[in-house]
2 protein chains.
Amino acid sequence: MKTRDKILLSSLELFNERGERNVTTNHIAAHLAISPGNLYYHFRNKSDIIYEIFLEYEKLVDYYLDIPEDRPLTLDDMMFYLESVFDGLWSYRFFHRDLEHLLDGDRRLRQDYREFTDRCLDAISRIFEKMAEAGIIEPQSDELRSAMSLNVWLVITNWMAFLKTAHACEESANLTLTELKQGIYQVLTLEIPYLTAAYRERVLALREKYRPQLPEAREVELPVGKTVGWNAV
Amino acid sequence: MKTRDKILLSSLELFNERGERNVTTNHIAAHLAISPGNLYYHFRNKSDIIYEIFLEYEKLVDYYLDIPEDRPLTLDDMMFYLESVFDGLWSYRFFHRDLEHLLDGDRRLRQDYREFTDRCLDAISRIFEKMAEAGIIEPQSDELRSAMSLNVWLVITNWMAFLKTAHACEESANLTLTELKQGIYQVLTLEIPYLTAAYRERVLALREKYRPQLPEAREVELPVGKTVGWNAV
DNA sequence: GTATTATTAGAGTATATACTCTAGGTAGTC
DNA sequence: GACTACCTAGAGTATATACTCTAATAATAC
């Protein structure tokens with residue numbers, strides 16, 4: 001593999017593990033056992049590395065969210081979208097973590113990210129529209145669909161932050177893809193009231209698969225008698 | 001005012017304006033025209049300052065979310081909760097911005113914040129419960145109510161980040177309280193399908209008051225023909 | 001007044017971070 | 001073999017940041 005690609009790969013890996021804020025260009029170089037000078041031969045600065053990684057992320061999500069216009073959507077499609085989006089979120093999880101700071105440091109990125117968000121919101125809205133056409137959910141007004149889509153976006157993009165801050169016990173350490181995908185449970189919660197009678201039971205069954213499990217570690221840690229909070233029933 | 005209080009006040013102000021990451025203890029001291037030594041006489045370190053500010057924030061929100069158990073809830077109550085929570089969010093807006101990093105730097109804060117989140121989620125859930133008792137929304141299962149409350153929390157706490165990243169045009173600069181409160185529109189969107197016939201129209205009317213206005217600046221900046229994205233109808 | 005305590009100034013330090021610069025190596029081509 | 005384009009090493013730098021230390025000053029107690 002070319003050094004340039006190795007730098008991108010290692011950067012992504014370190015960013016995801018430790019957070020962009022805690023990874024310096026020197027760390028990246030050290031991790032690859034190359035010199036800082038070498039790294040800076042391939043990239044003008046740290047922002048450039050981040051920007052290139054964003055372009056990959058963007059490409060991936062755009063690919064996932066390409067909605068077929070020649071056929072109706074199925075439940076399988078919907079689950080594929082959800083699974084894919086959370087996979088993408090996982091692979092580039094450093095990105096939404098320090099988003100605000102990243103955008104403050106790079107105008108291009110800010111502009112591109114805004115357009116990216118707009119595209120995603122349009123895609124979510126379009127998915128809802130086609131789900132209504134397919135009889136999975138009741139049709140909604142454009143306005144409601146837009147607002148709903150935005151709520152879906154907020155839940156999706158911030159589920160990880162919630163896990164890391166409110167949920168994780170120690171040091172926000174080892175989060176798993178499985179835990180992340182419990183966000184699908186939350187997204188499907190948003191859809192429940194709009195489901196048609198024909199599909200309601202099937203979607204609820206799918207949703208059950210993502211229901212968060214009570215983490216043992218946490219229960220042990222809590223004082224006896226205390227509620228488990230967000231997960232309590 | 002005592003120097004100690006002045007430090008807390010200035011820190012909050014600077015953190016809110018520039019983000020915690022961009023404000024050093026030296027900045028705070030300079031802003032107050034005191035010496036770094038003086039600042040460190042009053043606080044052991046930067047984390048201590050942040051922690052004290054968090055305690056204030058926590059106290060404020062706990063006060064707002066104190067739910068009266070001796071009478072039913074009204075629509076006015078609900079709007080008061082929403083307005084208050086967003087006011088609090090505004091006053092301490094630096095906090096949710098760099099939350100993850102702040103928690104990584106202070107164990108006490110991590111623990112306290114987790115308990116704070118749990119309390120807030122319980123409060124939201126309790127509000128839904130009492131709104132059902134008051135006939136404003138249809139009653140829901142415990143499980144659904146918990147999941148809903150969590151979604152409400154996600155929307156509330158991340159609405160500002162959305163505005164700053166996806167919405168703001170330049171440098172995520174001047175955000176106003178009014179814009180922030182458009183988050184109420186999003187929260188009420190979550191409630192719509194559960195509203196009872198008796199209250200539906202009234203809540204929808206309240207919601208309209210918070211509907212986001214198309215920002216002129218943004219439309220001008222966009223290429224002709226491009227959709228406005230999250231706000232498009 | 002004197003002793004004690006609380007407060008403040010301000011120079012200074014250890015560490016880190018993004019990034020530069022020069023010199024040299026390597027691979028392919030004619 | 002020499003020319004060229006690409007790649008790499010590694011020491012070095014300017015700046016920043018959180019924090020310390022000492023000495024001086026103000027406030028208070030007795």
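Per chain, numbering begins at 1; letters A, B, ... match sequence-line order.
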Taking NZ, NE, NH1 and NH2 as the nitrogens, is one of them in K59(B) or E56(B) under 4.0 Å from a carboxylate oxygen of the other?
no

First contact, last contact: which nucleotides of DNA chain C are these for chain A, 5' to 3', heavy-atom distance under 4.0 Å?
dT17(C) to dC21(C)

Donor-acceptor pair between Y210(A) and E83(A) side chains, under 3.5 angstrom:
yes

Which residue lies more 5' along DNA chain C, comparing H27(A) with N38(A) via nearest heavy atoms:
H27(A)

About how many Å separate CG of L60(A) and CG of L65(A), when rounded to the nearest 0.5 Å?
9.5 Å

Using a strict 4.0 Å threshold on nitrogen-to-oxygen distance, state whether R145(B) and D142(B) make a salt bridge.
yes

Would you tell me whether R21(B) and H101(A) have side-chain atoms, one donor and one acceptor, within less than 3.5 Å of each other?
yes

Please list, chain by chain and in numerical order, all residues satisfying side-chain contact (heavy atoms from CB on, under 4.5 Å) with Y113(B), sequence neighbours excluded.
T165(A), F54(B), F95(B), H96(B), L99(B), L103(B), F116(B), T117(B), W153(B)

Protein-nucleic acid N or O pairs under 3.5 Å, nucleotides 22-26 of chain D:
none

Just by distance, do the side chain of R93(A) and the backbone of W90(A) share a donor-acceptor pair under 3.5 Å?
yes

Check: Q182(A)/Q186(A) side-chain N/O donor and acceptor closer than 3.5 Å:
no

Please give, in whole Å, the distance from dG10(D) P to N26(A) CG?
14 Å

